Amino acid sequence: MSSINSFTALSPNASHVVGAAASDNAPNIKIAKFAQISLNHTLSSSSLKIPAKQLGKVENLHLVSLSKQGKLKEAREFLNQMDDACVSVSPHSYECLLETCGNLKSLSDGRYFHERLGRTAKNSSGFLQNCVLRMYCDCGSLGDAQRLFDEMIERNLVSWGKIISAYAQAGFLSKSFWLFRDMLESGVKPDLLIYTGLLKYFKNPSYLEAGKQLHSHVIRGGLSSNLSVNTAISNMYVKCGWLEGAKLLFDQMADKDSVAWTGLMVGYTQAEKPKDALSLFANMVMEGVELDDFVFSIVLKACAGLEDLKLGKQIHAYIVKLGLESNVSAGTPLVDFYVKCDILDSACRAFERISEPNDVSWSAMICGFCQNDKFEEAVKTFKSLRSKGPVLNSFIFTNLFQACSALADFSLGAQAHADAIKGGLVSYLYGESALVTMYSKCGRLDYATEAFESIDAPDTVAWTAIISGNAYHGNASEALRLFGRMQNCGARPNAVTLIAVLTACSHSGLVSEAKHHMKVMRSEYGVHPTIDHYNCMIDVYSRAGLLKEAFELIKNMPFDPDKTSWKCFVGGCWTYKNLELGEIGAENLLQLDQEDTAGYVLLFNLYTSCEKWEEAAHIRKLMTERNMRKELSCSWITVKGKVHRFVVGDKHHPQTGEIYSKLEELNHSTNNNGSDILSEEDVSLCSLPERKAYALDHSERLAIAFGLISTPTNAPIVIFKNLRACKDCHDFAKHVSTITGREIIVRDACRFHHFQSGECSCNDYW
DNA sequence: CTAGGGTTAG
């Protein structure tokens, strides 16, 4: 904006144009117009009639303005017009243009300007050559950079510094060192920029030895008392993992400012020694070092790591006292701190006090909503952010994908995915894994697989995401095949990966595979089993009807069984009609939680399956007495981006008539007279004694019927429901898939069911 | 005149 204004101020109609620019928002149009006017003006008013090139102050300002806006194409066109008009290009214009090429990594434009520079300014200065060199380095084209460097006659410290650090940045450290030696041999004495330019790319332990050599070189070169160089070396030691070395040097430094202190505090925080970082901060305050906003970002991170609310609040008070609360650098980590301490209110307040929140502030806030299960808030915040127009970043999208997973919002998720691709903001691994999970939780394992296969070198989390997706969609063999592939690729399974593997086994009755993975997980993968792993195993046995094994495991495992342990077990007892063990399990379950609806439902179904009618009736009575109403059951389906939600017996939908006649048509073709199985859906109605559990108008069926009449016949019907699918509706979905030939995907509270031609991917386990 | 530092994610 400022460049545009400086340009309009010079225009012949300055007041006019400035007024217009202030009232409307179309500065680009003004510039385009002016571009023509200015050239005509220059030509017609060249009263001196000098054939030689004119400098053209206004034209060059326009060029600078274009390059600052990143409009390289327009700049090239304008450059041609300037040629035609014999107006020459100033060195400063070239500097700006080349800088923009480097920033945008636009090598072709950069080469064009380089070539043009060589053509028009034969003896271009060392300064401009350095600009070109920097452009090539910034574009990552070491070949171009090297070629130019070889041609350069007037190499100065800037040239040497640039090419040396470019090789270091690209990881060619030995090449950097060769050049460094060449430089010394050619009699050039390195200055601090050479060292700092090189040191900042020493970012992992493999650079430590080289870093030490460079350090000794600094000492021999007499720069060992320079604050910036010392800070750079100390930070180099931090990044190379030698914290003691960093501290040693730090302690020797005569003068230290807040930058130096911050660097070392980062080291301690990254080494998971937040307490040491905080004691450094205490020393810093005691020594009276002037504090700035950056210091607080690392101090708050250390507090967040310790989840030390009291200390964090003290720091917060300090920030307020220094008047830094509205400062984005102090305010943003404050938001994050309160998020990590699970105080969302305070996080929101801190966010609102930031006067100019940046993308990091927004993503910290959106992340905060996600971590506190406020996914709708996260989406709302994202939408308001997008309408306001500040920069979006890859963190924000990663969080948004997570929110879409939780909300199973496929249309927003896919839209966001497209936007992220357009902006180049799908973060490697983080964003990509979030996408895999998102698509899989939205019922689209096909998209999830595609997203996974496009990941360059998937890490443990990415592999786990796709394995777990297949597990929940009932593709056990594919899950296990992926698990094998994962190991061939050298990714190490972690605790979550093994949960996914065991889940895959349990949903497909692969008992011996599950036993094997359970047995070797510690020795082969170094993963210590948790209660979640044991619960998976209990589930495996229970679903397979190996109830004695399941019961033995519950009794002998190194953890106290929790609700999940008993639920899996009782579920198996119901399926296999084992009243004796089932009662024991149910008793234990209800002892752990009297209020858990699922416990009563399981017990009721256990009794009815064993034809114990009196006991079953008793459970019903208990449920009514205890007013078991937890969560209203509902199912929903998204059609054309709009969510249609149904509850049992729902007649609120505008197309209710069509939906019910479709249902009738479908019921007509089944012999379903309802059963005695009680579903959570019936329970949620809370009118148990009156209601016959016929399940004919369950929310799931309403959603399926609506899906049939409102989606294209070749598209899968994707239904979500908040509770577990009931047996009758499961049969119903199978039936519908047969008679209509449609694929039906139902996500219930536990997993996905893919119905096709009368079969379900869950093999009737769920 | 500057350099050297930080905060967000699966």
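The figures here come from the full heavy-atom set of this structure, side chains too, leaving out hydrogens, waters and symmetry mates. Since this is a predicted model, take the numbers as computed values, not measurements. We name chains A, B, ... by the order of the sequence lines, and we start the count at 1 in each one.
- Residues A:His417 and A:Tyr447 place their aromatic rings such that the two centres sit no closer than 6.0 Å.
- A:Asp446 and A:Thr449 are not linked by any side-chain donor-acceptor pair at a separation below 3.5 angstrom, with hydrogens and angles left out of the test.
- As judged by a 4.0 angstrom heavy-atom cut-off over every strand, A:Val335 is placed among residues making no nucleic acid contact.
- No engagement by A:Asp293 is indicated, since no non-hydrogen atom pair under 4.0 Å with the nucleic acid exists.
- Side-chain to base pairing of A:Asp292 with B:dG5: one donor and one acceptor N or O lie within less than 3.5 Å of each other.
- Contact annotation: A:Lys200 does not reach the phosphate of B:dA3 (side-chain N/O to OP1 or OP2, under 4.0 Å).
- Using a 4.0 Å heavy-atom criterion, one finds that A:Ala462 contacts the bases of the nucleic acid, with or without backbone contacts as well.
- Contacts of A:Leu429 with the nucleic acid, taken as non-hydrogen atoms under 4.0 Å apart, include base atoms.
- One can place CG of A:Asp359 at 11 Å from C1' of B:dT7, the figure rounded to the nearest angstrom.
- A:Asp292 and A:Ser258 are linked by a side-chain donor-acceptor pair at a separation below 3.5 angstrom, with hydrogens and angles left out of the test.
- If you check every strand for non-hydrogen atoms under 4.0 Å, A:Val461 touches a base.
- A:Asn399 places a side-chain N or O within 3.5 Å of a backbone atom of A:Phe395 that can act as its donor or acceptor partner.
- Of the side-chain N and O atoms in A:Gln371, one or more sit less than 4.0 angstrom from OP1 or OP2 of B:dA9.
- At a threshold of 4.0 angstrom between heavy atoms, the contacts of A:Ser234 with the nucleic acid are absent.
- In the set B:dG10, B:dA3, B:dT7, the nucleotide with an atom closest to the side chain of A:Gln402 is B:dG10.
- In summary, the side chains of A:Ser279 and A:Asp276 do not present any donor paired with an acceptor at a separation below 3.5 Å, with no hydrogens or angles considered.
- In this entry the distance linking CD1 of A:Ile194 with C1' of B:dT2 reads 15 Å, nearest Å.
- A straight line from CZ of A:Phe250 to C1' of B:dG5 spans 12 Å, rounded to a whole angstrom.
- Within the 4.0 Å cut-off from OP1 or OP2 of B:dT8, at least one side-chain nitrogen or oxygen of A:Lys340 is found.
- A:Leu227 comes within 4.0 angstrom of a base, heavy atoms only.
- Between the P atom of B:dA9 and the CZ atom of A:Phe395 lies a distance of 7 Å, rounded to the nearest Å.
- Among the protein residues, A:Asn230 comes within range of no part of the nucleic acid, since none of its heavy atoms lies under 4.0 Å from any strand.
- Closest to the side chain of A:Lys301, from the set B:dG10, B:dT7, B:dG4, is B:dT7.
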